[in-house]
Visitor: 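The structure is given below, and queries will be raised subsequently.
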Amino acid sequence: MLEIKEQWKKLIADSLKILAEKGSINLDNPEERIIIETPPKPEMGDLAFPMFPFARDFRKAPPAIAAELVTILGSDIPGTVKTAGPYLNIYISRKSVFKDILKIVDDQADEYGKTDSLKNEKVMVEFSSPNTNKPLHLGHLRNDILGESTSRILEAAGAEVKKVNLINNRGVHICRSMLAYSKFGNDETPESTGIKGDHFVGNYYVKYNNWAKEDPTADDQAQEMLKKWEAGDSETRELWERMNKWTLDGIQETYRSTDISFDTYYYESETYLSGKDVVLKGLEDKVFYKDEDGSIRLDMSDIGLDTKVLLRSDGTSVYVTQDLGTAIARHKDFPFDRLVYVVGNEQEYHFKVLFHAFKRLGYEWADQLHHLSYGMVNLPEGKMKSREGTVVDADDLVEQLENLVLGEIKNKGREDELDDVQSTAHAIALGALNYYLLHISPYKDMIFNPKESLSFNGNTGPYMQYMGARISSMLRKYNGSDYSDGQFKPELLDSDEAWELIKLVAKFPSVVNQAADELNPSVVAAFVYDLSRNFSKFYHENQILNNEDMNLTVTRIELAKAVLQVLKNAFRLINIRFLEKM
RNA sequence: GCGUCCAUAGCUCAGCUGGAUAGAGCGCCGGACUUCGAAUCCGUAGGUCGCAGGUUCGAAUCCUGCUGGGCGUACCA
C-alpha cells in the first residue's frame with residue numbers, strides 16, 4: 001500500500017513537471033510539496049492530492065491545475081483519476097491490490113505487521129514498579145498494560161526489548177505495615193488466613209493508619225524500625241523478607257492473571273545505595289555542589305529550574321539518588337539505545353531532574369532516556385483516594401468483570417459451546433479491561449467508568465474478540481465442507497466494504513510503525529476497532545458461506561482469513577486474548 | 001506565584017506533518033434474527049471544536065492572550 005502511494009506521488013510529480021515545462025515555469029522540488037490525503041468519503045476515491053500548494057507556481061486556480069493534470073496523466077495509469085474542485089482524486093485499480101495483499105498476509109502469517117523500523121535498537125522499558133506494602137490498584141493496571149503493550153509494539157517494530165520492573169521494597173511505608181503486623185499480627189499468615197499475600201500485607205498497612213490516628217508515637221516507631229532495617233538488624237530483616245515475599249507472591253499472581261510479564265526484576269533494597277557514589281563523584285567533578293545546609297545539589301538554573309537535592313545533609317539518599325544508580329547499572333546490564341520509564345505524569349519533574357543530571361554528568365546516553373508519562377485514572381466521582389477507600393483494587397476489579405462475563409455467557413446460553421467457561425470469561429474480562437485502559441491516548445487523564453468498562457457492546461474489547469470468534473466459526477464450517485471446486489477470484493470482491501477492509505489490512509504495518517514511533521498503543525487499539533467494525537459491516541452485507549457461486553465463497557473466505565490474521569497479530573500487541581469461541 | 005499538560009455531541013473518546021459537509025461508542029428514538037452465533041447490523045436526532053485575537057488561499061490542528069481544570073514546584077516516593 002505504501003508502494004502504491006509512492007507510485008502515485010511520483011506520477012503526480014512527473015505530471016506537474018510536464019505542466020511546468022509547458023509553461024516554462026520554474027517548479028521547485030514538487031515531490032516534497034505534494035500532499036497525499038485520504039478523501040473524506042470512500043466513494044470519492046482512495047487517495048487525494050490537493051492542488052492548493054501549486055496555485056502560486058502556476059498562477060492558476062487549483063481546480064484548473066487539477067483538470068490539466070488529468071489530461072497529462074492520460075489513461076495509461078494503474079487506476080482512474082477524477083477532479084473534485086481543487087483536488088485530484090485517485091481510484092486505485094482494485095483487483096491486483098486484493099491479490100497482492102492477501103498473498104502477503106498469507107505468506108507472512110503471524111509475522112505480518114512486523115517491521116524493521118527499529119531494527120538493531122535495544123530498548124529497555126521500565127514499568128509497574130509497585131510498592132511492597134499493598135496490592136495493585138487500577139492505576140497500576142494502566143501502567144502495566146501501557147508498559148506491556150508498548151514493549152510488544154516496539155518489538156514488532158524490530159527492536160530488541162527488555163522489560164524491567166523496579167520493586168520498591170524499602171522505606172518507611174514498608175516499615176509501617178511491618179510494624180502493624182508485629183503489633184497486631186498474632187503470627188497469622190496468608191496461608192493460615194487464606195488471604196492473598198499482597199492483600200494480607202495491605203490490610204496491615206490499613207491497620208497501621210488506623211492505629212497511627214490513635215497513637216502519635218506511631219510514626220516515630222516506624223522511623224525507628226527503618227533505622228533498624230538500614231542497620232541490618234536481623235529480626236527486622238527477617239520480618240521484612242517474610243512480608244515482602246508475601247506481597248510479591250501476591251503481586252506476581254496478579255501479573256500472571258493479567259498477562260503481564262518482565263524479563264528482569266530490580267529491587268530497590270539492592271540499588272538504593274548505588275547512586276551515592278555517582279553523586280559524590282559528581283561533586284568531585286564539580287558537576288554538583290555542596291549547599292550551605294550540607295546537602296549535595298544540582299543547580300538547574302541553566303534550564304530555568306531550581307536546585308534539587310541529590311543527597312541529604314545526613315548523607316542518606318533520596319528518590320533521585322537511587323535512580324541515578326540504577327540507570328547506570330542497567331546500562332551495564334543491557335547497553336540500551338533507549339530507556340523508557342513508564343511512570344505517571346505526576347513525576348515529570350523528577351525525570352527532568354534525573355535526565356538533566358545525567359547530561360551534566362556527561363553520559364552519552366542521557367538523551368536516550370525517555371519518560372513515557374501517562375495521565376491519572378479517575379473515577380466518575382473524582383479522584384481515587386485511599387483515605388476514603390475509593391481506590392479500585394486490581395484483583396477485585398478483574399473478578400468483578402469475570403463474574404459479569406459469566407452471567408453474560410449464561411444469558412446467551414453459550415456454556416455448552418465453550419470448552420472452558422471459566423478461562424473464556426477471564427479472557428473476555430481482560431479484553432474489556434485492557435482495551436478500556438488502552439484506547440485512550442496515554443498522556444491524557446482518563447475517567448474509569450466501571451459500568452462502561454463492563455459493557456461488551458460497541459467500542460470495547462469483547463466486541464473485537466467477538467469478530468475474531470465469528471470469523472473462526474465461519475472458518476470451522478468452511479473447513480468442514482468441500483469447496484475444492486471453488487477458485488479464488490479477486491475480481492469478485494467488488495463491494496466497497498471489501499475494499500475498505502483490504503485497505504485496512506494493508507495499513508497494519510504502518511500502524512505498528514506509528515504506534516512504535518509515538519510509544520502509543522492507542523493507535524493500535526483504534527486500528528483494531530476500525531478493522532473489526534468494517535468487518536462486521538462487510539459480513540452483514542456480503543454472505544460469506546453458502547453462496548451458490550463457490551468461487552465467491554472461496555474468495556470471500558480468503559479476505560476473512562486475512563482479517564482474522566491481522567486481528568490476531570494486533571490483539572497480541574495490545575494484550576487482548578484471541579478466542580476461537582466466546 | 002511560577003512551570004507544565006488538558007478543554008471537541010448529554011457522557012466517554014478519535015481527529016495523521018494545517019486542507020473538501022468535524023468522526024466513533026454509550027445513552028435516546030426507530031428498524032433488521034425461517035438468514036454464516038443479534039456480544040451483530042442499519043437509520044434519526046445531537047457540536048458557535050472553552051473564549052478572544054493573529055498567521056494562512058485554508059485553523060479543531062500553528063502563535064499570543066484570557067477563562068476553567070489536572071499535575072508539579074520537598075533533605076516524600
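So that the names make sense, note that chain A is the first sequence line, chain B the second, and so on, each numbered from 1.
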Visitor: I'd like to know if A:D306 reaches the base of B:A74 with its side chain such that a donor and an acceptor end up less than 3.5 angstrom apart.
Guide: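 Check fails, no donor-acceptor contact within cut-off.
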Visitor: Any chance the side chains of A:N169 and A:S269 put a donor and an acceptor closer than 3.5 Å?
Guide: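 On atom types as modelled, these side chains qualify, holding a pair under 3.5 Å.
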Visitor: Nucleotide by nucleotide, 5' to 3', does protein get under 4.0 Å of the base (B), only the sugar-phosphate (S), or neither (-) in nucleotides 3-10 of chain B, counting heavy atoms?
Guide: -S-SS---
Visitor: To the nearest angstrom, how far is A:D291 atom CG from B:C75 atom P?
Guide: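 Checked: the CG to P distance equals 10 Å.
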Visitor: Mind checking if A:L311 touches a base, just sugar-phosphate, or nothing, with heavy atoms under 4.0 Å?
Guide: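 A:L311: no heavy atom of the nucleic acid under 4.0 Å.
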Visitor: Is the backbone N or O of A:R312 less than 3.5 Å from a side-chain atom of A:S295, with the two atoms forming a donor-acceptor pair by type?
Guide: no
Visitor: Show me, pair by pair, the donor-acceptor contacts under 3.5 angstrom made by side chains of residues 133-140 of chain A, not counting sequence neighbours?
Guide:
| unit_1 | atom_1 | unit_2 | atom_2 | d |
| --- | --- | --- | --- | --- |
| A:H137 | ND1 | A:G139 | N | 2.9 |
| A:H140 | ND1 | A:H137 | N | 3.0 |

Visitor: State plainly whether the residues A:E348 and A:K352 are in salt-bridge range, i.e. N to O under 4.0 Å.
Guide: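 Salt bridge between A:E348 and A:K352, a charged N being under 4.0 Å from a carboxylate O: no.
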Visitor: With a non-hydrogen cut-off below 4.0 angstrom, is A:N542 in contact with a base, only sugar-phosphate, or nothing?
Guide: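 Touches a base.
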Visitor: Determine the contact category for A:P39: base if any of its heavy atoms lies under 4.0 Å from a base atom, sugar-phosphate if only primed atoms, P, OP1 or OP2 are that close, otherwise nothing.
Guide: base
Visitor: Is the shortest distance from a Lys or Arg side-chain nitrogen in A:R414 or A:E408 to a carboxylate oxygen in the other one below 4.0 Å?
Guide: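 Salt bridge between A:R414 and A:E408, a charged N being under 4.0 Å from a carboxylate O: no.
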Visitor: For A:Q514, report the nucleic acid contact type (base, sugar-phosphate, nothing); a contact means any heavy atom under 4.0 Å.
Guide: nothing
Visitor: When syn is taken as a glycosidic angle within 90 degrees of 0, is B:C33 syn or anti?
Guide: syn
Visitor: Among pairs that include at least one residue of residues 50-67 of chain A, which meet salt bridge (Lys or Arg N to Asp or Glu O under 4.0 Å), considering only residues two or more places apart or in two chains?
Guide: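 Residue pairs with at least one partner in residues 50-67 of chain A: A:R33-A:D57, A:K60-A:E68.
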Visitor: Checking A:H173 against A:N168 for the side chain to side chain donor-acceptor pair (under 3.5 Å) test, could you report, in this order, the C-alpha distance in whole Å, the side-chain angles of both residues, the deciding distance, and whether it holds?
Guide: CA-CA 10 Å; A:H173 52 295; A:N168 296 298; over 6 Å; no
Visitor: Taking the side chain of A:I544 as its heavy atoms from C-beta onward, which of B:A77, B:C75, B:C36 lies nearest to it?
Guide: B:C36
Visitor: Where the side chain of A:R312 is concerned, which of B:C76, B:C13, B:C71 is the nearest nucleotide?
Guide: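 When the side chain of A:R312 is considered, B:C76 is the closest of B:C76, B:C13, B:C71.
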Visitor: Take the protein atom OH of A:Y466 and the nucleotide atom P of B:C36, then report the distance between them rounded to whole Å.
Guide: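 It works out to 11 Å between those atoms.
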Visitor: I'd like a list of close polar pairs between nucleotides 57-65 of chain B and the protein, N/O only, cut-off under 3.5 Å.
Guide:
| unit_1 | atom_1 | unit_2 | atom_2 | d |
| --- | --- | --- | --- | --- |
| B:C57 | OP1 | A:R56 | NH2 | 2.7 |

Visitor: Remember a base hit wins even if backbone is also touched, and classify A:P40 as base, sugar-phosphate or nothing at under 4.0 Å, heavy atoms.
Guide: base
Visitor: For residues 39-61 of chain A, pull every pair meeting ring-ring contact (aromatic ring centres under 6.0 Å, His included), keeping only residues two or more places apart or in separate chains.
Guide: A:F52-A:Y87
Visitor: Got a salt bridge between A:E500 and A:K503, using NZ or NE/NH1/NH2 to carboxylate O under 4.0 Å?
Guide: yes
Visitor: To the nearest angstrom, how far is A:L454 atom CG from B:U12 atom C1'?
Guide: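 Whole-Å distance recorded here is 14 Å.
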Visitor: Check every strand shown and say whether A:S313 touches a base, only sugar-phosphate, or nothing at a heavy-atom separation below 4.0 Å.
Guide: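 Touches a base.
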Visitor: Is any side-chain N or O of A:K41 closer than 4.0 Å to OP1 or OP2 of B:A20?
Guide: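 No.
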Visitor: Can you name the side-chain contact (heavy atoms from CB on, under 4.5 Å) partners of A:I447, sequence neighbours left out?
Guide: A:P380
Visitor: Can you say whether the rings of A:F571 and A:F578 are parallel (under 30°), tilted (30 to 60°) or perpendicular (over 60°)?
Guide: tilted
Visitor: Should A:K537 and A:E497 count as an ion pair when the cut-off is N to O under 4.0 Å?
Guide: no
Visitor: Please map the stems of RNA chain B, keeping only stretches of three or more Watson-Crick or G-U wobble pairs with both distances under 3.5 angstrom.
Guide: B:1-7 with B:67-73, B:10-13 with B:23-26, B:29-32 with B:40-43, B:50-54 with B:62-66
Visitor: Return the set of residues passing side-chain hydrogen bond (donor to acceptor under 3.5 Å, both in side chains) with A:S532 (not counting sequence neighbours), or none when no residue passes.
Guide: none
Visitor: A:F538 vs A:F535 aromatic rings, parallel, tilted or perpendicular, using cut-offs 30° and 60°?
Guide: tilted
Visitor: Base, sugar-phosphate, or nothing for A:Y319, non-hydrogen atoms under 4.0 angstrom?
Guide: base
Visitor: Give the intermediate values and the outcome of ring-ring contact (aromatic ring centres under 6.0 Å, His included) for residues A:Y463 and A:Y529.
Guide: CA-CA 8 Å; A:Y463 172 86; A:Y529 176 61; 5.7 Å; yes
Visitor: In residues 133-143 of chain A, which ones come under 4.0 Å of RNA chain B, going by heavy atoms?
Guide: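 The stretch gives none, as no residue of it lies under 4.0 Å from the strand.
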Visitor: Hey, would you say the A:Y374 and A:Y443 ring centroids sit under 6.0 Å apart?
Guide: no
Visitor: Under 4.0 Å between any heavy atoms, over every strand shown, what does A:K537 touch: base, sugar-phosphate, or nothing? Just pick one.
Guide: sugar-phosphate
Visitor: Quick one: sort the A:Y478 and A:Y483 rings into parallel, tilted or perpendicular, breaks at 30° and 60°.
Guide: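 The rings of A:Y478 and A:Y483 lie parallel, inter-plane angle below 30°.
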Visitor: Whole-Å distance between B:A14 P and A:L438 CG?
Guide: 12 Å
Visitor: Look at the side chain of A:R297 and decide which nucleotide, out of B:A77, B:G70, B:C75, has an atom nearest to it.
Guide: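 The answer is B:C75, which lies nearest to the side chain.
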Visitor: For nucleotides 25-35 of chain B, which of its nitrogen or oxygen atoms have a protein nitrogen or oxygen under 3.5 Å away, and what is each distance?
Guide:
| unit_1 | atom_1 | unit_2 | atom_2 | d |
| --- | --- | --- | --- | --- |
| B:G25 | O2' | A:N459 | N | 3.2 |

Visitor: Expressed in angstrom and rounded to an integer, what is the separation of A:I35 atom CD1 from B:A20 atom P?
Guide: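 Distance, rounded to whole Å: 11 Å.
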Visitor: Would A:N459 and A:Y435 satisfy side chain to side chain donor-acceptor pair (under 3.5 Å), going step by step from the backbone distance to the final call?
Guide: CA-CA 9 Å; A:N459 188 0; A:Y435 185 78; 2.5 Å; yes
Visitor: Tell me the salt bridge (Lys or Arg N to Asp or Glu O under 4.0 Å) pairs involving residues 550-563 of chain A, sequence neighbours left out?
Guide: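 Those involving residues 550-563 of chain A are A:E558-A:K561.
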Visitor: Between atom CZ in A:R470 and atom P in B:U40, what is the gap in whole Å?
Guide: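 About 11 Å, once rounded to whole Å.
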Visitor: Report which part of the nucleic acid A:M446 touches: base, sugar-phosphate, or nothing (heavy-atom distance under 4.0 Å, all strands).
Guide: sugar-phosphate
Visitor: May I ask you to say what A:M376 touches in the nucleic acid, namely base, sugar-phosphate or nothing, with a heavy-atom cut-off under 4.0 Å?
Guide: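 The residue A:M376 makes sugar-phosphate contact but no base contact.
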Visitor: Quick one: label A:N89 by what it contacts on the DNA or RNA (base, sugar-phosphate, nothing), any heavy atom closer than 4.0 Å.
Guide: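 The residue A:N89 makes base contact.
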Visitor: Check whether any side-chain nitrogen or oxygen of A:K383 sits under 4.0 Å from OP1 or OP2 of B:C71, and answer yes or no.
Guide: yes
Visitor: Classify A:T316 by what it touches in the nucleic acid, base, sugar-phosphate, or nothing, heavy-atom distance under 4.0 Å.
Guide: nothing
Visitor: Could you check whether A:N449 gets within reach of a base, just the sugar-phosphate, or nothing at all, counting any heavy atom under 4.0 Å?
Guide: nothing
Visitor: Whole Å only: how far is the CE atom of A:M550 from the C1' atom of B:C36?
Guide: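 Distance, rounded to whole Å: 15 Å.
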Visitor: Could you go through nucleotides 43-50 of chain B and list every protein N or O atom that sits under 3.5 Å from one of its N or O atoms, giving the distance for each pair?
Guide:
none

Visitor: Given side chain to side chain donor-acceptor pair (under 3.5 Å), test A:S455 with A:N457 step by step and report yes or no.
Guide: CA-CA 6 Å; A:S455 149; A:N457 310 321; 4.7 Å; no
Visitor: Donor-acceptor check, side chain of A:S149 to backbone of A:L573, threshold 3.5 angstrom: yes or no?
Guide: yes
Visitor: Would you mind classifying the nucleic acid contact of A:D293 as base, sugar-phosphate or nothing, using non-hydrogen atoms under 4.0 angstrom?
Guide: base
Visitor: Please figure out whether A:F538 or A:Y436 has its closest RNA chain B nucleotide nearer the 5' end.
Guide: A:Y436
